[in-house]
Amino acid sequence: MRKFLIIASIFGYIMSATGKISITTEPWGSIDGKTIEKITLKNSKKQEVDIISYGATITAVRLPNKQNEVDDVVLGFDSIDGYKSAKNPYFGATIGRVANRIGNGEFTLNGIRYNVSKNIGINSLHGGFSGWNAKIWNTTIDNDRVIFTLLSEDGDEGYPGSVIASTTFKLNDNGELLVEMKAFTSKATPINLTNHSYFNLAGHGTNAKEIYNHKVQINANEWTVTDSESIPTGEIRPVKNSLMDLRNLTRIGDVINQVPGGGYDYNFCLPEKTCMDKIQFVAKVLHPESGRYLEVKSNQPGVQFYTSNFLPEMGKEGILGKNNNEYFKHGAFCLETQNYPDAINHNNFPNSILLPSNLYKHVVIYKFGIKE
Ligand SMILES: *[C@@H]1O[C@H](CO)[C@@H](O)[C@H](O)[C@H]1NC(C)=O
Ligand SMILES: *[C@@H]1O[C@H](CO)[C@@H](O)[C@H](O)[C@H]1NC(C)=O
Ligand SMILES: *[C@@H]1O[C@H](CO)[C@@H](O)[C@H](O)[C@H]1NC(C)=O
Ligand SMILES: *[C@@H]1O[C@H](CO)[C@@H](O)[C@H](O)[C@H]1NC(C)=O
Ligand SMILES: CC(=O)N[C@H]1CO[C@H](CO)[C@@H](O)[C@@H]1O
């Protein structure tokens, strides 16, 4: 084994295997002379996940369908240039320090007013101009897990405190991709991380035609109402008797075009509000024809369900993605587990402040399977 490792690493390719899970590493381009690494996790069910060290980004999830044909079910690019480009809508990345929006890019903490980068009009989105999605994380492989770590300096994008963050990915033989995000800080700072994979269980290039055939279920009795800039007004409203009621499996194509704003881009409130150590059921999505399903569980209080409303309209120039596929509006869905957006500015939302003595821990489990 040792000899194999040495020979393999001479070719820039490292492989380790623990039981039925294998992990391989290869270089995947570079930025300013710094090598980006691509890690591939594989299990014995022919399920595979690729993650790169740029943004701790999931670049591919390959899954068999009922006929045992494998498709890649996440949107992405063939090279690092695509991920770096201004056209990249955060495909697959780990988002921080604060996922989603902070109204006016401002908040007050311990009596101090902070400005953070306003990178979307007057608001701050997904951590600012160079958020954690645009940093090269350090990579460590530990048995069947890959761990990405990042140091975010005091004042990074206007946020207080130096933060050390890690995102761990582990695939098991039960089809579960476990993702664990952790952070420590030197000063009180808002933190709420998420991951932003754009899924299409029919295959990443099949667009709205197949997304409409997906059925979704979200375990939420309430949602957070937003204004025209997608900033929460503070109101938490029951889903009952509305298009936000996705408590039973619902075909996306039957509802999406009636939703205000051109589709879903709303935060749903899960039953447990404070659940650091408690994992709750978040959502399930099924694509009946392929049989592929995704089940999401997490320890977070909210989930942003987003149906790619801001990808280019069909008929215009799409986003040129993997294998020359073009991606268009409603071509994928995201289920971003998170704290409620703009929590820092709403007392009735769950706490979003990380104190120096505490550990931030966000767990998400994506279970991929096949329903016959
Ligand atoms: C915040 O922005 C205002 C102007 O937009 C500026 O005057 C002030 O110095 C900034 N504060 C910080 C802490 O950067
Ligand atoms: C990676 O580790 C090195 C050495 O420990 C450190 O200097 C660097 O800041 C780390 N990079 C990131 C992105 O955190
Ligand atoms: C991001 O989404 C991908 C989808 O496969 C998932 O594997 C990953 O665990 C997610 N990360 C987080 C932090 O949610
Ligand atoms: C969900 O399904 C259950 C059982 O099939 C049914 O009783 C209930 O009315 C449905 N709820 C909604 C909101 O459609
Ligand atoms: C409710 C929740 O999980 N939100 C988290 C946001 O982040 C802070 C720490 O930074 C946690 O304390 C909250 O629990």
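Each residue takes its place number in the sequence, starting with 1. When a ligand or atom number is given, it counts from 1 through the structure's own listing order. Not measured: the values here are computed from a predicted model.
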Under 4.0 Å from [atom], is there at least one protein heavy atom?
atom: atom 5 (O) of ligand 2; result: no
atom: atom 11 (N) of ligand 2; result: yes
atom: atom 1 (C) of ligand 2; result: yes

(Q) Ignoring hydrogens, what is the shortest heavy-atom contact between A183 and V163? Give both atom names and the distance. (A) CB-CG1, 3.9 Å
(Q) Checking side chain to side chain donor-acceptor pair (under 3.5 Å) between R97 and each of T189, D156, T185, which is the one that passes? (A)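 With R97 as partner, side chain to side chain donor-acceptor pair (under 3.5 Å) holds for just one option, T189.
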Q: Would you mind checking which non-hydrogen protein atom is closest to atom 14 (O) of ligand 2, with the distance to 0.1 Å?
A: L151 N, 2.8 Å
**Q.** Nearest protein heavy atom with distance in Å, relative to atom 13 (C) of ligand 2
**A.**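 It is I136 O, 3.1 Å.
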Q: Report the distance from atom NZ of K20 to atom CG of D144, rounding to the nearest 0.5 Å.
A: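 The distance works out to 13.0 Å.
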Q) Nearest 0.5 Å, what's the NZ-CG distance between K284 and L249? A) 6.5 Å
Q.
Is it the case that the side chains of Y198 and H204 hold a donor-acceptor pair, with the cut-off being a distance below 3.5 Å and no angle test?
A. no
(Q) What verdict does the side chain to side chain contact (heavy atoms under 4.5 Å, CB included) test give for Q47 and L177, after you've listed the backbone C-alpha separation in whole Å, the side-chain angles of each residue and the deciding distance to 0.1 Å? (A) CA-CA 10 Å; Q47 299 176 320; L177 179 69; over 6 Å; no
Q. For ligand 2, which atoms sit closer than 4.0 Å to a heavy atom of L150?
A.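 Reading through ligand 2 atom by atom, the close ones are 13 (C), 14 (O).
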Q. Between N138 and ligand 2, does any nitrogen or oxygen pair lie at a separation below 3.5 Å?
A. yes
